[in-house]
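What follows is one structure encoded as C-alpha cells, with my remarks underneath.
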Amino acid sequence: MNVILTVDFGSTFTKVAAVCAQSEKIIATAKAFTTIHTDIRHGLDAALAELYRQGGRMAFSQLLAASSAGGGLKMVAVGLVPALTAKAASMAACSAGAKVVKTFAYELSAAEQQEIHDIRPDLILLSGGTDGGNKAVILHNAKKLAEIEGDFSVIIAGNKSVAQAALETLVKGNKAAVICGNVMPAFNTLDIMPAKHAIRDLFMEKIIEAKGLTEASRMMSAPILPTPLAVFEGAELLAKSLGPLLAVDVGGATTDVYSITDGAPTLPGVVQKGLPEPYAKRSVEGDLGMRYSLDALAEAAAHIFPETEDFAHFRARCAADPAYVPQPDSPHARFDATLCAAAVDIATQRHSGRLETTYTPHGKTFYQLGKDLSQIKYVIGIGGAIIYSADPRAVLEKATCPSGGEILKPVSPAFLMDASYIFASAGLLSRVNEPLALKIMEAHITPPPPARP
Amino acid sequence: MNGKTLVMGVIGADVHAIGIKILSHAFGEAGFKTVNLGVMVSQEEFIEAAIETAADAIIVSSLYGHGEMDCRGLREKCDEAGLVGIPLYVGGNLVVGKRNFAEVEKTFLDMGFNRAYPPGTTPETGIADISKDLGVA
C-alpha cells in the first residue's frame with residue numbers, strides 16, 4: 001500500500017492525514033497539541049499515535065509538511081508609493097504565504113523603525129522604484145532597516161540600478177540580505193514570482209531553523225512549506241477542476257482570502273485602473289481573527305455588537321484561553337458565528353475589487369480598481385469558525401453581494417466548505433501527486449449542511 | 001536613449017486614446033523613456049507614476065475641453081509630493097470654445113505649467129522643446 005502522510009504544524013494543533021494513493025482515500029486523520037517549546041516532534045508523535053489508533057499501524061512512502069507554528073511567517077513589506085511598489089511588495093509577500101503584519105511606504109521614519117522593531121518580523125521585503133526609476137527612497141530605507149536591532153533577513157526587490165548598493169548597506173548593518181527581481185520592474189507591471197521564490201528559499205534556510213523545525217524537516221520527503229502557501233496551492237488546484245473560485249479561511253489570528261480568477265471587468269464600458277492584481281491572489285487580514293485578534297475584529301464589527309456584559313464576558317474568556325470552543329448553540333457560540341460572519345464580510349470586501357463612478361461628456365462611466373469577482377461560481381469556507389457554526393451557509397453568504405453594486409464580490413455563487421480541513425493537506429499532496437490531491441479535494445470539499453435549528 | 005523619462009497620459013475623464021499613443025511612440029523614437037498612463041488619468045496617478053519612475057517631466061494631454069478644470073492644482077500637488085520643480089507640459093484642445101490661444105497659454109502657465117501647446121502642434125515641436133529644456137537637445 002502506498003500511503004502518504006501530510007503534516008500541518010499549526011500554532012495550536014499538529015494535524016496529520018494519511019492518504020492512500022491506490023484507493024485515493026484518506027485512511028485517517030488525527031491531531032495533537034503542537035509542542036514548539038520543547039521538541040516539535042513530540043506533538044507529531046502524539047498525533048501519529050492517535051492516527052495509528054484509528055487506522056492501524058502503517059508505513060508511509062512519503063512525508064510532507066507545512067508549518068504555521070511559532071506565529072507563521074511574519075513579514076513586513078516596504079515600498080515607495082502606497083498604491084504602487086508598496087502594494088506590489090505586500091501582494092508578493094502574501095502570495096508566498098506570509099502574514100504581512102504591516103506595509104510601509106515612502107522614507108521610513110524613526111517611529112516606523114521602532115514599529116518594525118516591535119513587530120519582530122522574520123523577513124522584510126524591501127521594494128521601491130521601477131528599474132531605472134527612483135533610487136533615493138530604497139537606499140534610504142535600506143539604511144533605516146540596517147539600523148533596526150533584530151534578527152530578520154531582508155529581500156531586496158526594488159530598482160535594480162541600486163539593488164547592490166542597498167545590499168551592501170544592509171550587510172554593513174549585519175543584516176542578512178538577498179537580491180531578487182523587482183516586484184514592479186516597469187510602471188504598473190507586477191512581477192511577484194522572483195520575490196515569492198526568494199521568500200520560499202529563505203523560509204527553508206532560516207525560518208525552519210528559527211522555529212525549531214530543523215529536526216522535523218529532516219524527516220520529511222520535501223521542504224516544509226508555510227501552511228498558507230500549501231492552502232493557496234490547494235485552492236489553485238481546486239480551481240483547475242471547478243473553475244474560478246473564492247476561498248475564505250477564518251482563523252484565530254487572521255482571516256485569509258484566496259481568489260483564483262483573472263478578475264477582468266465583466267461589465268461593459270468599465271475601465272480597469274491601478275496596479276494589476278495576480279490571477280491567484282491571497283490577502284491576509286491580521287485584524288480579523290477569532291481569538292488572537294478578537295479585540296480588533298470586535299472593533300471592526302462594532303456596528304453589529306452592542307457592548308453588553310455577556311459580550312465582555314465572552315471576550316475575557318477568549319483572551320484567557322485562545323483554544324476556547326463554546327458549547328454548540330450557546331450564547332457564546334452565537335457570538336462566534338456573528339463575529340465569523342463579520343470577518344468573512346470585511347475580509348472579502350477588502351479582497352474584492354470595486355467600481356468608482358465618474359462622469360464624462362459621454363455620460364456615466366466606471367473605473368474598476370482590483371479584481372471583479374462578481375461572476376465567480378464557487379465560494380469555499382475553510383476553518384473551524386465557519387465549519388462549526390450553526391449555519392455555515394449564512395456565514396458564507398457574507399462573502400457575496402447578491403444585488404451587485406460597487407463592491408465586486410461574487411453575486412450568486414454556490415457554496416462549499418472544507419469540513420475536514422483538507423486544503424493544506426491537498427496543497428502538499430499536489431506537489432507530488434496532483435491527480436490524487438484533486439480526487440481527495442473533490443471528495444472532501446462539500447456543500448454546507450442545512451442550518452441547525 | 002537619452003536617459004530621460006517622461007510620464008504622459010490623458011487627464012480627467014477624457015477617453016481620447018490615439019493621440020497619446022502617437023506621442024508616446026514619437027518621444028520613444030526620439031530617445032526618451034516613456035511611461036504612458038493611457039486615458040482617464042487622475043492628477044494623483046501622474047504624480048505617483050512620476051515618483052516611482054523618477055520621471056524628468058510630466059506631459060499632460062487633454063482633448064475634450066475640460067483641461068483647465070482637470071489641470072488646476074497639479075503643480076501644487078507635485079510640490080507637496082516632493083516633485084518640486086518637475087517640468088510640466090500640457091497640450092490639446094485645452095478649453096471649450098474659440099478662445100485666443102495666447103490667453104489659454106497664459107492660464108496654463110499661471111497654473112505652473114512650463115509650456116502649453118495649441119491643437120495641431122506636431123510631435124516634433126514638443127520633442128525639440130522638451131529636449132532643450134531637459135538638456136538633451
Side-chain angles (χ1 to χ4, degrees), chain A residues 78-89 105-107 127-141 157-162 182-191 265 269-276 355-369, chain B residues 1-17 20 24 28 31-59 62-67 69-70 77-78 80-84 86 92-93 95-97:
Chain A
V78 181
L80 173 48
V81 173
L84 298 173
T85 49
K87 188 178 178 198
Y106 303 119
E107 283 113 328
S127 67
T130 52
D131 284 345
N134 184 288
K135 298 171 183 166
V137 174
I138 189 170
L139 288 174
H140 170 94
N141 288 342
N159 186 351
K160 66 170 182 165
S161 311
V162 288
N182 196 343
V183 286
M184 203 177 93
F187 182 76
N188 255 4
T189 303
L190 190 68
D191 186 14
V270 171
V271 180
Q272 178 90 50
K273 298 296 275 185
L275 195 61
L355 290 178
E356 277 183 8
T357 312
T358 183
Y359 295 89
T360 74
H362 317 290
K364 201 158 132 178
T365 51
F366 298 97
Y367 294 124
Q368 178 181 322
L369 297 139
Chain B
M1 297 299 279
N2 62 23
K4 299 295 176 189
T5 301
L6 305 175
V7 161
M8 56 180 67
V10 186
I11 199 164
D14 194 339
V15 293
H16 292 88
I20 199 69
S24 173
F32 291 91
K33 181 175 174 185
T34 63
V35 178
N36 181 6
L37 308 182
V39 300
M40 297 175 85
V41 181
S42 68
Q43 292 190 0
E44 289 72 18
E45 286 173 282
F46 277 106
I47 291 168
E48 290 180 345
I51 292 174
E52 286 282 7
T53 60
D56 298 287
I58 295 175
I59 300 178
S62 178
L63 279 299
Y64 72 155
H66 301 260
M69 192 171 77
D70 291 337
K77 285 206 190 78
C78 283
E80 196 70 54
L83 298 170
V84 179
I86 188 169
N93 292 310
V95 293
V96 185

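What you see is a predicted model, and the numbers here were worked out from it, not measured in a lab. Protein chains get the first letters and strands the later ones, always in sequence-line order, with residue 1 at the start of each. Just the heavy atoms: all of them, side chains too, but no hydrogens, waters or symmetry mates, feed the values below.
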* Distance, nearest 0.5 Å, that separates OG1 of B/Thr53 from CG of A/Asn188 -> 11.0 Å
* Structure fact -> Counting heavy-atom pairs under 4.5 angstrom with chain A, the leader among B/Ala55, B/Gly12, B/Ala49 is B/Ala49
* To do: Please look at A/Thr358 and chain B and tell me whether the side chain, the backbone, both or neither of the residue comes under 4.5 angstrom of a heavy atom of that chain.
  => side chain
* Asked: Can you say whether B/Val7 sits under 4.5 Å from chain A via the side chain, the backbone, both, or neither, judging by heavy atoms?
  -> neither
* Test salt bridge (charged side-chain N to carboxylate O under 4.0 Å, His left out) applied to A/Lys273 - qualifying residues, sequence neighbours left out -> B/Glu45
* State whether the side chain of B/Glu52 and the backbone N or O of A/Phe187 hold a donor-acceptor pair below 3.5 Å, judged by distance alone. => no
* To do: Look at A/Gly128, A/Ala186, A/Gly133, A/Gly129 and state which one has the largest set of heavy-atom pairs under 4.5 Å with chain B.
  => A/Gly133
* Structure fact -> Counting heavy-atom pairs under 4.5 angstrom with chain A, the leader among B/Ile47, B/Ile51, B/Asp14 is B/Ile51
* Given a strict heavy-atom distance threshold of 4.5 Å, which part of A/Asp131 is in contact with chain B: side chain, backbone, both, or neither? -> backbone
* Between OG1 of B/Thr5 and CG of A/Asn134, what distance do you get to the nearest 0.5 Å? -> 11.5 Å
* To do: Heavy-atom distances under 4.5 Å only: say whether A/Tyr367 touches chain B with side chain, backbone, both or neither.
  => side chain
* Check whether more than 12 heavy atoms from other residues, nucleotides or ligands sit under 6.0 Å from atom CD of B/Glu44, and answer yes or no. => yes
